[in-house]
Structure formats: structure tokens, C-alpha cells
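Single-structure report; data block below.
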Amino acid sequence: MADLRFHILVYLVLGLVSLSFGLIVYFRDRKNVIHQTFGLLNLGLVIWAFGCVIWLFQTNESSALFWTRVFDVGATLIPVFLLHWILAFLKKDKEKKNIILACYFITAFFLLFSFSSLYIKEVKPMLNFPYWPQAGIVYILYLILAYFGMWLYGLYQLILAHKKSGGNTKMQIKYIIFGTTLGLGGGAANFPLMLGFTLPFPPLNFLILAYPLIFACAMMKHELLGIKVILTEFLVFLVGVLLLTEIFLAPSLKFIIYRSGVLIVFGVISYFLIKSVLKEIKTREQLQELTQKLKKAYTELKKIDLAKSEFISIASHQLRTPLTTIRGYISLLLDGSYGKIDKEIEEALKGVYQNSLRLISLVSDLLDISRIEMGKMFFDFKEISLEDIVDDVIKDIKIIAEKKNLYLKWDKPEGLPKIVGDQQKLHQAILNIIDNAIKYTKEGGVTINIRYQKSGTKDTILFESSDTGAGIRKYELESIFKGFDRGDNIQKTHPDGVGLGLRIAEMIIEAHQGKIWAESEGEGKGSTFYIELPVG
Ligand code: ADP
């Protein structure tokens, strides 16, 4: 008996685990066929495991034979319930209805023999078991058709599904294949002894322990969360059973009342514990669902945004050619190429000419933005010196400042480190900043500076353009970079701008891993624009 203690313990724990998991999973969703068949599978395991416990306690041959036949009823039921569960899990139970039905018929056939000597012939001492069952001819048929036949068919279906599936389902199927192989493989270790062969090692029934556990985990949609509830419920169940046993073993009424009280308190606490775990899971599931929806909406928006950029890009492209032609003709008219024109008409044409220039600039700004947004703007990155670019810009623009009687202070620094950038694009961004500074300044002027900065591991070149002009209100300091956003004060004095230059400048600087920002003390107090670009 002493040697059998380990086996009794294994069967007992297996029975308890199967009972609790079977009940937990079945009652979680009684109408779901996956849960129903999981319940049935565990019923088979419970009959088998508890049958084994009682069998191991038997002290005479005939009662031992009876109990081996009882636990073999459980064993006979397991393959068909397992196959049914696997097919339900793979959502193939409807398609394979006839196969499932045939398997139930085969099982029913074996059950008819379960208490006859054709199924279990006799019991005899094997290893250290005094009454080990010996298989009859029908039992051998069961082994071939049901145990191995249904198991291998289920395995085949699992492998097929594993190949076709992905993500979480693939993971779950892997669990099930692993669990089945471990469980049924462990169970199969009993059979040589039943066929009269002795083994050098005792039966590996303890492996079966892993199998309801692994299955239950695999069944949960969000694996980790599922495990949390199952484990909580399982622990509650086990402690509950222990407390209940204590009540039955109580020596007096006083103890019965006391222990019942403990059980009730435990029941209440457990109820709230499980409820809170379930609530947490629900919240997390809702969150996951929301995230999923958000992701979908984001991709949709991205698609729309791209479509918009594409549309703008095509439209701008188509507009640019006729606009350039119009500007060319007006220019010819103003030059007198088509003959002398009246002063009045000339004035009107000058207006048309100015507006055609504005339109062309707007269209090319739009084209730039849409190209950058679609990732189709080509950047020609090379080693360049920012001070050369600024110098070029100043040469181009100096004349405008002079015309407005504004100073333009710029001392080209020497020996600054080079940066990696696109010469033409950076020219465009800096031109826009200095052009704005001159445009939005009536008196005083603009001071341009460039300096090298070293802060920690980051080496940068800082460009700075300060003017004594219109200034920017605090709340507009960021929005002016967002496109089509112009300062309220500026819109009145300069109605001709569009508000895209800074947006483009920002996109260009960001493509260089740099930063652009503006500072101002407010309206009428001048503004300073900064561009910071990494060195190297
Ligand atoms: P635009 O000059 O065509 O309006 P930008 O994108 O270049 O477009 O500038 C956006 C807005 O930022 C301007 O309308 C103006 O309100 C503000 N801004 C830019 N530079 C200055 C500056 N130096 N001083 C005052 N406001 C400025």
C-alpha cells in the first residue's frame, strides 16, 4: 500500500483538477459547444481518476476487478469527448458531424462490453500493483480504434489547422497539441501492463495532470487573463473543498458551526474576489476593443489623408502649367510685345500679374506639402555648411530690405562644423524665415546669427533670425507652423499671404532631424525664429 500512495495522490489531484476545471469552464459558457465538450472530457477524466483512487484501495480481487471496469468506463469515454472538443475548438464540429457521430457509436459499442471479460479479462499483480487489469480482445479493439485512432485523427486535424492559422490561434493549437501528446502519451504508458508486458518504469500517469490545465489555458481568448481567472477560481474551489472536508471531519457540533462560519466568510470573500478579477478582465477587454477600433480609425484616416495629399498633388501639378503660361503672356503684354497698352489696362494687368505670381507660389507650396506628406519629396543629403546657405539667401534678399530701409545684420562666422542636409531645401526654409522677417517689419531691421552649440552628447548648429517687426501673439507661436494659420495682426496689414511657408519650413527641418520654433514678446515687439540642426 505504501508504494501506491504516490499513485493515489496523482489520481486524486488529477480528479480534483479535472473536476474543478470541468465545472469552471462548463459553467462559464454553458451554451457554447466548446465549453460543453470540455466539460464532458473532464467528466471522463473524473470517472477515470476517482475510479482509479477507489481501485487502488481495494483489498480483494473481485472488487478490484469491478473498480477497474468502472475507471475504464471513464477511459473509454475520454477519446471521443476529446475528439469532439478538438473539432468544436477548430470550428469543424458541424462539418465533421458524421465522423463525430460514428465515434460516439463506436464508443457506445465499447461501453456495452465494459463490464464483460471481453473488455477487462481479469486483474493480476503487475510491478507493485496487486490488481492490475488485463485487456480482453474488445479492449484491444478500443485501443486501436478509439484511443489511438481518434487521438491521431484529432492530432491530424490540429496539425492541419496549425498550418493554416496565425497569431493567437496558432499559439492555442500549439498548446493543445502539446497537451494532448503529453496527456494521452502518459495515459498510453498504462497499456503495456494491461497487455501483460512489464515495464522497467512505473506508469506515467502524472503526465496526464498537465493536460486539462494546458487545455483550459489554451481555450481562453486572451491567454494570460484567462489563466488569472481560472487560477483564482481553481484555488477558491480547492480551499472550498478543504473547508468542506473539515466540516465533515469535525469532532463536535461546536466545530461544525465554527467551520461552517469560516466556509461562509470564505465564500463571500471569494465571490467578491472572482467578481473583481472578472471586472478587471472585462475592462481590459473593452480597452483592447477600443484600441483596436482606434487603430482601425487611424488607418482609415491615414488613407483619407494620403488620398487628400494625392489629390492636392495632382491638382497642383495640373494647375501649375496653365498658371505659368498665363503669367508669361501677361508679362509679354506688360513688356509691350503685343503693342502699346493703355495706362489703365496696364494697371489692371499688373494686378493680374501679381495675383498670378501669388497663385503660382500657392500652388507650388501645396505641391511641396503634399509631396512631403506622401513621402515623395526627394532629399539630396550631402555635407554642407549652413553659413554658406544663409550667405546665399542674404545676397538674394538684401535688396528687398534696402528698399524698405531696413538693416540686415549678418556676420558670416568662420570655422563652423558642417552639417548633413539638402542645400536647396534648407535654402528654401531659411529664405522663408528671412523673407517673412523683412516682410513683417516696418522699421528697424533683421539680425541673423549662426552658432555652434554643444549640449551633452548633442552637437548642433543654431540659426537665429531676430527682427524688430510686427511680433507674434503668444497663443499664435505654435499655430503659425501648422499651415493656413496667419497672425490676426498680419492678415490685416498683409492680406496677400497664404500661411504655408512656415509649414513647409517645419517639414523640411523635421526631415533633417532638426527643430524650428519662434519666440516673441507679443504684438509689435519683434520676433525671433530659431532653427536647430544636428551636426554630423
Ligand atoms: P505667410 O507669410 O504667407 O503668411 P508663413 O507660413 O510664412 O506664411 O507665416 C505664417 C504666419 O506666421 C504669418 O502669416 C505671420 O502671421 C507669422 N509670421 C511669420 N514670420 C513672422 C515674423 N517675422 N514676424 C511676425 N509674424 C510672423
Side-chain angles (χ1 to χ4, degrees), residues 320 324 327 357-358 360-369 371-372 377-441 444-453 459-469 480-481 494 497-519 526-536:
R320 206 158 57 166
T324 321
R327 186 196 58 185
L357 287 185
R358 270 190 68 200
I360 290 169
S361 132
L362 168 68
V363 164
S364 74
D365 281 356
L366 283 173
L367 201 59
D368 277 351
I369 289 186
R371 271 197 197 131
I372 298 179
M377 170 77 86
F378 174 69
F379 285 88
D380 183 15
F381 288 108
K382 280 191 189 127
E383 271 219 332
I384 48 170
S385 55
L386 198 65
E387 62 275 24
D388 285 348
I389 298 176
V390 177
D391 213 47
D392 286 346
V393 171
I394 295 204
K395 272 180 202 148
D396 291 349
I397 216 165
K398 208 162 62 186
I399 180 112
I400 309 178
E402 277 165 11
K403 270 190 189 161
K404 282 186 81 176
N405 277 328
L406 297 175
Y407 62 80
L408 189 55
K409 279 192 206 152
W410 160 243
D411 285 322
K412 189 178 173 189
E414 294 290 327
L416 285 184
K418 292 202 181 258
I419 59 162
V420 176
D422 182 311
Q423 175 112 16
Q424 206 200 327
K425 305 282 183 319
L426 287 176
H427 184 104
Q428 184 180 351
I430 287 170
L431 175 71
N432 184 68
I433 302 281
I434 305 178
D435 183 52
N436 278 348
I438 297 173
K439 196 160 55 177
Y440 302 129
T441 303
V446 184
T447 310
I448 312 292
N449 262 311
I450 295 192
R451 61 175 180 273
Y452 171 61
Q453 293 191 132
D459 288 7
T460 52
I461 297 273
L462 186 73
F463 163 88
E464 184 181 338
S465 157
S466 294
D467 62 61
T468 55
I480 50 171
F481 291 95
H494 296 79
V498 195
L500 285 177
L502 286 180
R503 173 82 192 110
I504 296 172
E506 188 188 53
M507 285 171 137
I508 292 174
I509 300 304
E510 276 172 0
H512 284 77
Q513 322 297 330
K515 245 171 75 185
I516 180 169
W517 73 100
E519 285 174 9
S527 333
T528 306
F529 281 77
Y530 296 95
I531 294 178
E532 194 181 58
L533 289 165
V535 170

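Every value quoted in this text rests on a predicted model; they were computed, and no experiment measured them. This chain uses plain numbering: 1 for the first residue, then up along the sequence.
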(request) Only counting residues at least two apart or in another chain, list the ones meeting ring pair (Phe, Tyr, Trp, His ring centres under 6.0 Å) with Y440. (result)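 Ring pair (Phe, Tyr, Trp, His ring centres under 6.0 Å) list for Y440, sorted by chain: H494.
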(request) Report the residues that fulfil ring pair (Phe, Tyr, Trp, His ring centres under 6.0 Å) with H427, sequence neighbours left out, ordered by chain and then residue number. (result)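 Result, ring pair (Phe, Tyr, Trp, His ring centres under 6.0 Å) vs H427: none returned.
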(request) For T468 and G445, indicate whether the former's side chain and the latter's backbone hold a donor-acceptor pair under 3.5 Å. (result)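 Between the backbone of G445 and the side chain of T468 there is a qualifying donor-acceptor contact (under 3.5 Å).
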(message) Main chain of V446, side chain of D467: is a donor-acceptor contact present, judged purely on distance under 3.5 Å?
(response)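 Not a single qualifying donor-acceptor pair exists.
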Kindly list each side-chain donor-acceptor pair under 3.5 angstrom involving residues 402-409, sequence neighbours excluded, with atom names and distances?
{"unit_1": "K404", "atom_1": "NZ", "unit_2": "I438", "atom_2": "O", "d": "2.8"}
{"unit_1": "K404", "atom_1": "NZ", "unit_2": "K439", "atom_2": "O", "d": "3.1"}
{"unit_1": "K404", "atom_1": "NZ", "unit_2": "T441", "atom_2": "O", "d": "2.9"}

(request) Carefully, step by step, assess Q428 and D368 under the rule side chain to side chain contact (heavy atoms under 4.5 Å, CB included). (result) CA-CA 11 Å; Q428 184 180 351; D368 277 351; 2.9 Å; yes
Rounded at 0.5 Å granularity, tell me how far [atom1] in [X] sits from [atom2] in [Y].
X	Y	atom1	atom2	value
I399	I394	CD1	CD1	14.5 Å
D411	I450	CG	CD1	11.5 Å
K425	F378	NZ	CZ	8.0 Å
L362	L357	CG	CG	12.5 Å

(message) Holding to side chain to side chain contact (heavy atoms under 4.5 Å, CB included), I want the full list of residues that pass it with L462, two or more places apart in sequence or in another chain.
(response)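 Partners of L462 by the side chain to side chain contact (heavy atoms under 4.5 Å, CB included) criterion, ordered by chain and then number, come out as R451, Q453, W517, Y530, E532.
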(request) Could I get the full list of side chain to side chain contact (heavy atoms under 4.5 Å, CB included) partners for S361, not counting sequence neighbours? (result)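 Only D365 meet the side chain to side chain contact (heavy atoms under 4.5 Å, CB included) criterion with S361.
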(message) Is the shortest side-chain heavy-atom distance between I430 and I448 below 4.5 Å?
(response)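 Counting from C-beta outward, I430 and I448 never come under 4.5 Å.
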(request) Could you check if a side-chain atom of I433 sits within less than 4.5 angstrom of a side-chain atom of F463, using non-hydrogen atoms only? (result)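 The answer is yes, as the side chains (C-beta and beyond) meet within the 4.5 Å cut-off.
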For residues 501-514, tabulate all N or O donor-acceptor pairs below 3.5 Å that involve a side-chain atom, not counting sequence neighbours.
{"unit_1": "R503", "atom_1": "NH1", "unit_2": "E506", "atom_2": "OE1", "d": "3.0"}
{"unit_1": "H512", "atom_1": "ND1", "unit_2": "I508", "atom_2": "O", "d": "2.8"}
{"unit_1": "H512", "atom_1": "NE2", "unit_2": "D422", "atom_2": "N", "d": "2.9"}

(request) Evaluate side chain to side chain contact (heavy atoms under 4.5 Å, CB included) for I531 paired with L426, printing each intermediate quantity in order. (result) CA-CA 10 Å; I531 294 178; L426 287 176; 5.9 Å; no
List the residues meeting side chain to side chain donor-acceptor pair (under 3.5 Å) with [X], not counting sequence neighbours, and say none if there are none.
X	result
T528	S466
N432	none
D459	Y452, K454

Show me, pair by pair, the donor-acceptor contacts under 3.5 angstrom made by side chains of residues 382-393, not counting sequence neighbours?
{"unit_1": "K382", "atom_1": "NZ", "unit_2": "D380", "atom_2": "OD2", "d": "3.2"}
{"unit_1": "S385", "atom_1": "OG", "unit_2": "D388", "atom_2": "OD2", "d": "2.7"}
{"unit_1": "D388", "atom_1": "OD1", "unit_2": "K412", "atom_2": "NZ", "d": "2.7"}
{"unit_1": "D391", "atom_1": "OD1", "unit_2": "W410", "atom_2": "NE1", "d": "2.7"}

